[in-house]
Amino acid sequence: MSAPAAATDLFLELTPERVLDAVETGGLAVRPLCYPLNSFENRVYEVELADRSRVVSKFYRPGRWSEARILEEHRFLAELDAEEIPVCPARSFPGGGTLRTIDGIHYALFDRKGGRAPDELTDATAARLGMLVGRLHAVGARRVEGVDRPRLTSAEYARADLAWLAEHETLPRHLERRYRDAARTIVDAYDRLVEGVPFLRLHGDLHLGNVLERDGQLRLLDFDDSMLGPAVQDLWLALPGRDAAARALRESVLEGYLSFRPFDRAELVLIEPLRGLRMIHYAAWLARRWHDPIFPTHWPHFGSVEGWERETADLEEQAEAVARVARGLAPDAAPEEPDPEELSNKDLFWDWEG
């Protein structure tokens, strides 16, 4: 997989010295101690201040978000914090504002919060997470019009990615049609099923890696992918499984959620299409970032012919699950046994046009 001719988002100027300079430029005295935290999309560092307290400095990948969209993320965090919802709001710099720029890179500071991501959810933790998301969505639903964040539509979240993959000839030629047809099944089903579902402000990427647990309290981290979309998006990523155990835990999440906000269970039908959209978006994200050396290091098999064959087979399997859900069946239901006399080419081939 070839890299773009000009890579302007590699943080090449962001040395530890410049990280410390950025924090000091923001009006905070520092000690000469900073170290990177796990982050692929952005660059995130923990920095020790002169008083030996610590802050987290987040440097946004250049070219990804506009200043307005970053400030919308900060505004959402401030609203949640004002309601005593445990998040990590952006700190105000001395003199005001939560966003500064150094060497063309936007950055913000956050208080450091201790804890660790849960390895898995128990019934009790799932219920607490549901309560937390219910409170988050109660705030997120208050203001929707005029919010400058991405919308969880197929156009923004998958079709644009498919267009990019095609434009850059990313997939091996012999897999292009299979991948495209599976993706089309997923995005078309999502468009049909999401019609009429209300959108609200979401966390958007609420897997367990973005949940911090300490002394029985949960805290939500990393609103970098906050978006407008259906409520169910924030209710499935922490429990992505389809088995009975995952479904039971999802019921615990919903029980907690309903303590603070109503939820239309009809939205659950969106889980499988959303899973498919995420698979497309994730593959395109890796392909878009392949010029960044950190990506081939952590995903060494991505981009190979064998890797794309697995991606394509997985997407086809997901398309089958989505098609079953769209017909009112369970995603892992056994294939139906149709009446042979009623079969047509359109029944057998997704790409059949006539």
Side-chain angles (χ1 to χ4, degrees), residues 73 76-89 110-111 113-144 147 149 152 193-194 196-275 277-278 325 330-332:
E73 172 201 342
F76 189 22
L77 286 167
E79 290 179 52
L80 296 170
D81 184 59
E83 297 289 339
E84 299 184 346
I85 297 171
V87 295
C88 293
F110 303 83
D111 289 329
K113 301 294 183 180
R116 62 188 297 272
D119 294 326
E120 57 184 23
L121 294 181
T122 64
D123 284 330
T125 307
R128 291 203 304 275
L129 179 61
M131 294 177 190
L132 185 51
V133 177
R135 295 176 64 200
L136 182 156
H137 285 182
V139 174
R142 292 177 188 168
R143 182 172 60 88
V144 175
V147 172
R149 291 298 298 183
L152 187 45
L193 295 170
V194 81
V197 175
F199 277 24
L200 63 150
R201 286 177 293 167
L202 308 171
H203 180 285
D205 192 30
L206 196 48
H207 55 77
L208 288 184
N210 284 331
V211 179
L212 201 63
E213 183 175 21
R214 184 175 188 181
D215 298 330
Q217 185 187 51
L218 301 180
R219 184 180 300 275
L220 302 182
L221 306 176
D222 194 5
F223 280 67
D224 191 60
D225 288 297
S226 62
M227 61 179 66
L228 294 164
V232 71
Q233 170 67 5
D234 279 348
L235 295 173
W236 75 270
L237 276 174
L239 291 164
R242 296 174 179 148
D243 58 19
R247 292 196 300 271
L249 283 172
R250 191 171 294 135
E251 289 301 316
S252 295
V253 170
L254 287 173
E255 182 180 351
Y257 187 97
L258 291 168
S259 301
F260 290 92
R261 187 173 185 272
F263 176 77
D264 184 354
R265 295 182 68 90
E267 285 193 31
L268 294 175
V269 76
L270 293 173
I271 290 177
E272 294 307 325
L274 285 169
R275 190 194 308 274
L277 262 61
R278 187 174 178 85
V325 167
D332 52 0

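Computed from a predicted model, the values in this text were never measured in an experiment. The analysis underlying the following values was restricted to heavy atoms, covering all of them including side chains, and did not include hydrogens, waters or symmetry mates.
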- Salt-bridged, Glu251 to Arg265, with N to O below 4.0 Å? yes
- Task: Identify whether the distance between the nearest side-chain nitrogen and carboxylate oxygen of Glu272 and Arg242 falls below 4.0 Å.
- Result: yes
- Message: The criterion is ring pair (Phe, Tyr, Trp, His ring centres under 6.0 Å); which residues satisfy it with Phe76, sequence neighbours excluded?
- Response: Phe223
Main chain of [Y], side chain of [X]: is a donor-acceptor contact present, judged purely on distance under 3.5 Å?
X      : Y      : value
Arg149 : Ser226 : yes
Asp243 : Ala246 : yes
Glu267 : Ala231 : yes
Arg135 : Leu80  : no
Asn210 : Asp205 : yes
Arg201 : Val144 : no
Arg275 : Pro240 : yes
Arg219 : Val87  : yes

- Message: What verdict does the salt bridge (Lys or Arg N to Asp or Glu O under 4.0 Å) test give for Arg142 and Glu83, after you've listed the backbone C-alpha separation in whole Å, the side-chain angles of each residue and the deciding distance to 0.1 Å?
- Response: CA-CA 13 Å; Arg142 292 177 188 168; Glu83 297 289 339; 3.1 Å; yes
- Task: If a pair satisfies ring-ring contact (aromatic ring centres under 6.0 Å, His included) and one of its residues is in residues 234-255, list it, with sequence neighbours excluded.
- Result: none
- Query: Given the rule in the side-chain contact (heavy atoms from CB on, under 4.5 Å) test, do Leu121 and Leu239 qualify, once you have shown the distances and angles that lead to the verdict?
  - Reply: CA-CA 8 Å; Leu121 294 181; Leu239 291 164; 4.0 Å; yes
Show me the side-chain donor-acceptor pairs of residues 125-133 shorter than 3.5 Å, one per line, residues at least two apart or across chains.
residue : atom : partner : partner atom : Å
Thr125  : OG1  : Thr122  : OG1          : 2.9
Arg128  : NE   : Gly216  : O            : 3.1
Arg128  : NH2  : Glu213  : OE2          : 3.2

